[in-house]
Amino acid sequence: LGQLGPAARSSAPALADAIDDKNAEVRREVLYALGAVIADKGPVDPRIVAALDDPEMRVRATAAYALGRAGAAAKGAVPKLRTHLESDDPLVRVVSAWSLAHIAPDDAQLARSIVPVLIHGTKNENLMMRRGAAEALGRLGPAANSAVASLKALENDSDESVRAAAADALKKIGSGAAGKTPR
């Protein structure tokens, strides 16, 4: 169903019924599929938000991802996602920041709290985290000006997709961003 994406939106309620499965891998896969199915429109089942409290770190990170895929439809999850910016786990922190950048990219106050987390994500050894952090910084546009140095460092990344995400983010932040200091 996840591969069908929004075309399978009608399956979202049945998928959400499996969020409480005893197997963490099933919960994670269900949340990943829900992220694809509800992409950019929702609806956001409250059980996705509740999965942010799952005992398994990968399930929490995937719940954050699913909420970010829902975009503005997941605004109700912003307070809970903000708490995960302080998580002990770097994956949960970065994916929560990524999600917030997708839910409310124009919220300047929120951007101030997620940009440092995303900057840290650009330095992670996991290429998906580096690419996701760069992409999310680009979504924030000029509000991510303080990330310019980190994004420029990614222009030399070993992975082409990370380099492309960094270049795109730098364009979205603004060509005059280099050399500016954050406010």
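The chain is numbered in sequence order, starting from 1.
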Undergrad: Please tabulate, for the side chains in residues 41-54, all donor-acceptor contacts under 3.5 angstrom to protein atoms that are two or more places apart in sequence or on a different chain.
TA:
| residue | atom | partner | partner atom | Å |
| --- | --- | --- | --- | --- |
| Asp45 | OD1 | Arg47 | N | 2.8 |
| Asp45 | OD1 | Arg47 | NE | 2.9 |
| Asp45 | OD2 | Arg47 | NE | 3.4 |
| Asp45 | OD2 | Arg47 | NH2 | 2.8 |
| Arg47 | NH1 | Asp17 | OD1 | 2.8 |
| Arg47 | NH2 | Asp17 | OD1 | 3.4 |
| Asp53 | OD1 | Lys80 | NZ | 2.7 |
| Asp53 | OD2 | Lys80 | NZ | 3.1 |
| Asp54 | OD1 | Arg27 | NH2 | 3.1 |
| Asp54 | OD1 | Glu56 | N | 2.8 |
| Asp54 | OD2 | Arg27 | NE | 2.7 |
| Asp54 | OD2 | Arg27 | NH2 | 3.4 |

Undergrad: Just verifying a value: how many Å separate Arg60 CZ and Leu81 CG, rounded to the nearest 0.5 Å?
TA: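 Interatomic distance, Arg60 CZ to Leu81 CG, rounded to 0.5 Å: 12.5 Å.
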
Undergrad: Would you mind checking if Asp168 and Lys172 are paired as a salt bridge, meaning a charged N to carboxylate O distance below 4.0 Å?
TA: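 The answer is yes: the pair qualifies as a salt bridge.
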
Undergrad: Compare every heavy atom of Ser150 with every heavy atom of Ile119, then report the nearest pair and how far apart it is.
TA: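 Looks like CG2-OG, 3.2 Å.
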
Undergrad: Tell me which donor-acceptor pairs under 3.5 Å the side chains of residues 127-144 have, and how far apart each pair is, sequence neighbours excluded?
TA:
| residue | atom | partner | partner atom | Å |
| --- | --- | --- | --- | --- |
| Arg130 | NE | Asp157 | OD1 | 2.7 |
| Arg130 | NH1 | Asn124 | O | 3.0 |
| Arg130 | NH1 | Glu125 | O | 2.7 |
| Arg130 | NH2 | Asp157 | OD1 | 3.3 |
| Arg130 | NH2 | Asp157 | OD2 | 3.1 |
| Arg131 | NH1 | Ser161 | OG | 2.7 |
| Glu135 | OE1 | Trp98 | NE1 | 2.8 |
| Glu135 | OE1 | His102 | NE2 | 3.3 |
| Glu135 | OE2 | His102 | NE2 | 3.2 |
| Arg139 | NE | Ala101 | O | 3.4 |

Undergrad: Compare every heavy atom of Val115 with every heavy atom of Ala147, then report the nearest pair and how far apart it is.
TA: CB-CG1, 4.5 Å

Undergrad: Evaluate Leu34 against Arg69 for side-chain contact (heavy atoms from CB on, under 4.5 Å), listing each step before the verdict.
TA: CA-CA 9 Å; Leu34 276 166; Arg69 289 291 310 259; over 6 Å; no

Undergrad: What do the steps show when you test Leu67 against Leu100 for side-chain contact (heavy atoms from CB on, under 4.5 Å), and what is the final call?
TA: CA-CA 9 Å; Leu67 291 164; Leu100 289 164; over 6 Å; no

Undergrad: Mark yes when over 12 heavy atoms from residues, nucleotides or ligands other than Glu155 sit less than 6.0 Å from its CD; otherwise mark no.
TA: yes

Undergrad: Ala12 and Ile38: which non-hydrogen atoms are nearest, and at how many Å?
TA: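 In terms of heavy atoms, the two residues are closest at CB-CG2, 4.2 Å.
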
Undergrad: Would you name the heavy atoms of Ala74 and Ala70 that are closest together and state the gap between them?
TA: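 Taking Ala74 first and Ala70 second, the nearest heavy atoms are CB-CB, 4.1 Å.
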
Undergrad: Of the non-hydrogen atoms in Ser96 and His84, which two are nearest, and what is the gap between them?
TA: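 Nearest heavy atoms, Ser96 then His84: OG-CB, 3.2 Å.
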
Undergrad: Flag the pair Thr62 / Glu29 as yes when at least one side-chain heavy-atom distance between them is below 4.5 Å, and no otherwise.
TA: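 No - every pair of side-chain heavy atoms lies 4.5 Å or more apart.
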
Undergrad: Can you tell me if Thr122 uses its side chain to pair, donor with acceptor, with the backbone of Leu151 under 3.5 Å?
TA: no

Undergrad: So which heavy atom on Ile114 is nearest to which on Ala97, and how close?
TA: CD1-O, 3.7 Å

Undergrad: Just so I know, are the side chains of Met57 and Leu91 near enough to count as touching, which here means a heavy-atom distance under 4.5 Å?
TA: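 Counting from C-beta outward, Met57 and Leu91 do come under 4.5 Å.
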
Undergrad: Step by step, work out the side-chain contact (heavy atoms from CB on, under 4.5 Å) result for Leu85 and Arg93.
TA: CA-CA 5 Å; Leu85 297 176; Arg93 279 193 311 271; 5.6 Å; no

